[in-house]
Number of protein chains: 2
Amino acid sequence: MKKIEQRLTENGVRPTAMRLLIYKYLAEKEVAISLTDIEAAFAKAERTTLYRTLRTFEEKKIVHQIDDGTGIQKYALCEPGCDCNLEQDLHLHFLCNNCDETVCLTEHKIPHINLPEGFVAEDANLVLKGICDKCSGQ
Amino acid sequence: MKKIEQRLTENGVRPTAMRLLIYKYLAEKEVAISLTDIEAAFAKAERTTLYRTLRTFEEKKIVHQIDDGTGIQKYALCEPGCDCNLEQDLHLHFLCNNCDETVCLTEHKIPHINLPEGFVAEDANLVLKGICDKCSGQ
DNA sequence: GACAATAATGCACTTCCGTTGCATAGGTCA
DNA sequence: TGACCTATGCAACGGAAGTGCATTATTGTC
Ligand SMILES: [Mn+2]
Ligand SMILES: [Mn+2]
Ligand SMILES: [Zn+2]
Ligand SMILES: [Zn+2]
C-alpha cells in the first residue's frame with residue numbers, strides 16, 4: 001500500500017483513501033475495467049468520484065483508456081515508465097467473445113503501417129476479438 | 001439508380017425509395033457516415049427508419065459498421081463481393097484529427113498478428129488516427 | 001381489382017453511459 | 001485558527017443506441 005501511495009505521489013496525484021483503493025482494485029484484476037465494474041465493486045462510492053478518479057489517473061498516466069469496440073470505456077494500469085502516447089508503447093488489446101473480458105497484450109506492440117501519400121498517423125488502436133486463453137479450454 | 005436497385009435486390013433487401021436514397025448518399029460520400037449524418041441529410045425522415053435501414057444494410061452485407069473510437073457508430077459501403085467477417089476483407093480505418101472524418105483504406109488489410117498460446121482471433125479492428133490526405137496540405 | 005399477408009415506416013418512449021454544475025467536506029499551509 | 005485549494009457527493013443533463021406498437025405501404029393470391 002505504501003508502494004501505491006508512492007506511485008500516485010510520483011505522478012502528481014494525491015493519495016486519498018478512495019484513490020488507493022481504486023488503484024489496488026485495478027492492480028489485482030489483470031483485465032481492463034469499466035466504470036460500471038468499479039461502481040459495482042465499490043457499492044458505497046459515488047459514481048462521479050470514481051469517474052473523476054479514472055480521468056485523473058488517465059491524465060497523470062497512471063492508467064490508459066481502452067476502446068475495445070463494445071462502446072464501453074475501459075481502463076488498465078500503465079506499465080511503469082510507459083507513455084501511452086508514444087508509438088512504442090501502443091500495444092494491442094484482446095476482447096474475448098466468450099467471457100467478455102478485455103486484456104492488455106503489452107508485449108504485442110502495434111506493427112508499423114505504411115499509409116498512402118498524405119496520411120500522417122499520430123495514434124493507433126488495434127483490438128483483436130476471439131477466444132482468450134482462459135476460455136479456449138487450456 | 002437502376003444499379004442500386006439491383007444491388008439491393010441481389011442482397012435480399014427490398015428497394016424502397018428511402019433505401020435507394022440512403023444507398024445513393026453513402027455512395028456519393030467517400031467517407032464513413034454516422035446515423036446523425038444521415039439524419040441531418042434527410043431532415044424529413046424518421047431517425048428510426050434510418051437506423052433500421054442501416055442495420056438491415058449491415059445484416060445483408062451492403063455496408064459494414066466502423067468503430068473508429070469516437071463512440072459513434074459509422075457505416076460505409078462494402079466493396080462488391082466483400083464478406084466483412086473474413087480476415088481477408090478486414091481493412092484498416094483512418095480517423096482524421098483535423099476534419100474528423102473517417103475513411104476506409106480498403107487496400108490496407110490488417111496484418112496477421114501472432115498471439116500468445118491459447119488466444120484465438122476471430123475478428124480484428126485497426127484504427128489509425130492522425131491527419132488525412134486532404135488536411136495534410138497536399 | 002379486392003383481399004389478406006407481410007414488410008416498412010413513424011412516433012413515443014426507454015436505457016445506458018458519459019459528462020457537467022454546484023454545493024459541501026476534507027486536507028494543507030501560513 | 002483561518003484562508004485556500006482539492007476531493008467528494010448529489011443532482012441533473014445530453015447524446016446515441018435501441019424497443020414496442022400502431023399505421024401505412026407493398027406484395028402475392030384469388
Ligand atoms: Mn492496454
Ligand atoms: Mn471500411
Ligand atoms: Zn475469455
Ligand atoms: Zn482530415
Side-chain angles (χ1 to χ4, degrees), chain A residues 4-25 32-60 62-76 95 100 102 125, chain B residues 4-25 32-60 62-76 95 100 102 125:
Chain A
I4 298 179
E5 201 170 322
Q6 188 187 336
R7 179 81 210 276
L8 295 189
T9 308
E10 275 172 10
N11 288 59
V13 173
R14 274 169 37 180
T16 67
M18 199 69 246
R19 286 168 174 177
L20 290 172
L21 286 173
I22 293 176
Y23 189 103
K24 186 155 161 286
Y25 179 78
I33 300 295
S34 71
L35 176 57
T36 309
D37 291 335
I38 297 192
E39 208 184 346
F42 298 88
K44 58 173 293 188
E46 228 348 82
R47 184 182 171 72
T48 317
T49 304
L50 302 173
Y51 168 74
R52 283 196 260 238
T53 299
L54 288 173
R55 201 169 57 177
T56 302
F57 280 6
E58 196 199 353
E59 282 164 6
K60 297 307 174 61
I62 292 169
V63 302
H64 60 282
Q65 204 182 62
I66 299 164
D67 171 26
D68 62 7
T70 57
I72 295 166
Q73 293 174 215
K74 297 179 183 167
Y75 302 85
L95 167 60
D100 209 48
T102 299
N125 185 33
Chain B
I4 297 180
E5 203 169 322
Q6 189 187 333
R7 180 80 208 276
L8 295 188
T9 307
E10 275 171 11
N11 288 58
V13 173
R14 272 158 54 170
T16 67
M18 199 68 245
R19 286 168 175 177
L20 290 171
L21 285 173
I22 293 175
Y23 189 104
K24 187 154 161 287
Y25 179 77
I33 299 296
S34 71
L35 176 57
T36 309
D37 291 336
I38 298 194
E39 206 183 347
F42 297 87
K44 59 172 291 190
E46 234 338 88
R47 210 190 66 244
T48 315
T49 304
L50 303 172
Y51 168 75
R52 284 197 258 239
T53 299
L54 288 173
R55 202 168 57 176
T56 302
F57 279 7
E58 195 199 353
E59 283 164 4
K60 298 306 174 62
I62 292 167
V63 304
H64 59 281
Q65 204 183 63
I66 300 163
D67 171 26
D68 61 8
T70 56
I72 295 166
Q73 293 174 217
K74 297 180 183 169
Y75 302 85
L95 167 60
D100 209 48
T102 299
N125 185 32

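Values below: all heavy atoms of this structure, side chains included; hydrogens, waters and symmetry mates excluded. Naming convention: chains lettered A, B, ... in sequence-line order (proteins, then strands); numbering from 1 in each chain. On a predicted model such as this, the values are computed, not experimentally measured, just so you know.
Here the side chain of A:Thr49 is nearest to one of D:dG9, D:dG20, D:dT27, namely D:dG9. Among the nucleotides D:dT19, C:dG18, C:dC22, the one closest to the side chain of A:Gln73 is C:dG18. Looking at the side chain of B:Arg19, the nearest of the listed nucleotides D:dA17, C:dT20, C:dA8 is C:dA8. Of the candidates D:dT6, C:dT9, D:dG20, the closest approach to any side-chain atom of B:Thr48 belongs to D:dG20.
Across the protein-nucleic acid pair, A:Leu50 atom CG and C:dG18 atom P stand 12 Å apart, rounded to whole Å. The CD-P distance, from B:Glu59 to C:dA8, rounds to 11 Å in whole Å. Rounded to whole angstrom, the span from the CD atom of A:Glu46 across to the C1' atom of D:dG9 amounts to 5 Å. Rounding to whole angstrom units, CG of residue B:Leu35 and P of D:dA17 are separated by 6 Å. The interatomic distance linking B:Glu39 (CD) with C:dT9 (C1') rounds to 15 Å, in whole Å. With rounding to whole Å, B:Ile38 atom CD1 is found 14 Å from D:dA16 atom C1'. Here the P atom of nucleotide D:dT26 and the CE atom of B:Met18 are 14 Å apart, to the nearest Å. In this structure, B:Asp37 places its CG atom 14 Å from C1' of D:dG15, rounding to the nearest Å.
Residue B:Thr53 places none of its side-chain N or O atoms closer than 4.0 Å to OP1 or OP2 of C:dA8. Distances shorter than 4.0 Å separate some side-chain N or O of A:Arg55 from OP1 or OP2 on C:dT20.
Map B:Ile72 and B:Pro15 each onto its nearest nucleotide of DNA chain D; the residue landing nearer the 5' end is B:Ile72. Checking A:Thr36 against A:Arg52, the closest nucleotide of DNA chain C that is more toward the 5' end is the one next to A:Thr36. Summary of the strand contacts: A:Ala17 and B:Tyr75 both lie near DNA chain D, and taking for each the nucleotide with the nearest heavy atom, the more 5' one is attributed to A:Ala17.
For the pair A:Gln65/A:Leu54, no side-chain contact is recorded, criterion being any heavy-atom separation below 4.5 Å from C-beta on. Proximity of B:Gln73 to B:Leu35: side-chain heavy atoms (C-beta onward) are nowhere separated by under 4.5 Å. The shortest distance between side-chain heavy atoms of B:Leu8 and B:Lys60 does not fall below 4.5 Å. The shortest distance between side-chain heavy atoms of A:Phe57 and A:Arg19 falls below 4.5 Å.
Contacts of A:Arg14 with the nucleic acid, taken as non-hydrogen atoms under 4.0 Å apart, involve only primed sugar atoms and P, OP1 or OP2.
The two residues A:Asp67 and B:Gly69 make their nearest non-hydrogen contact at OD2-CA, 3.0 Å.
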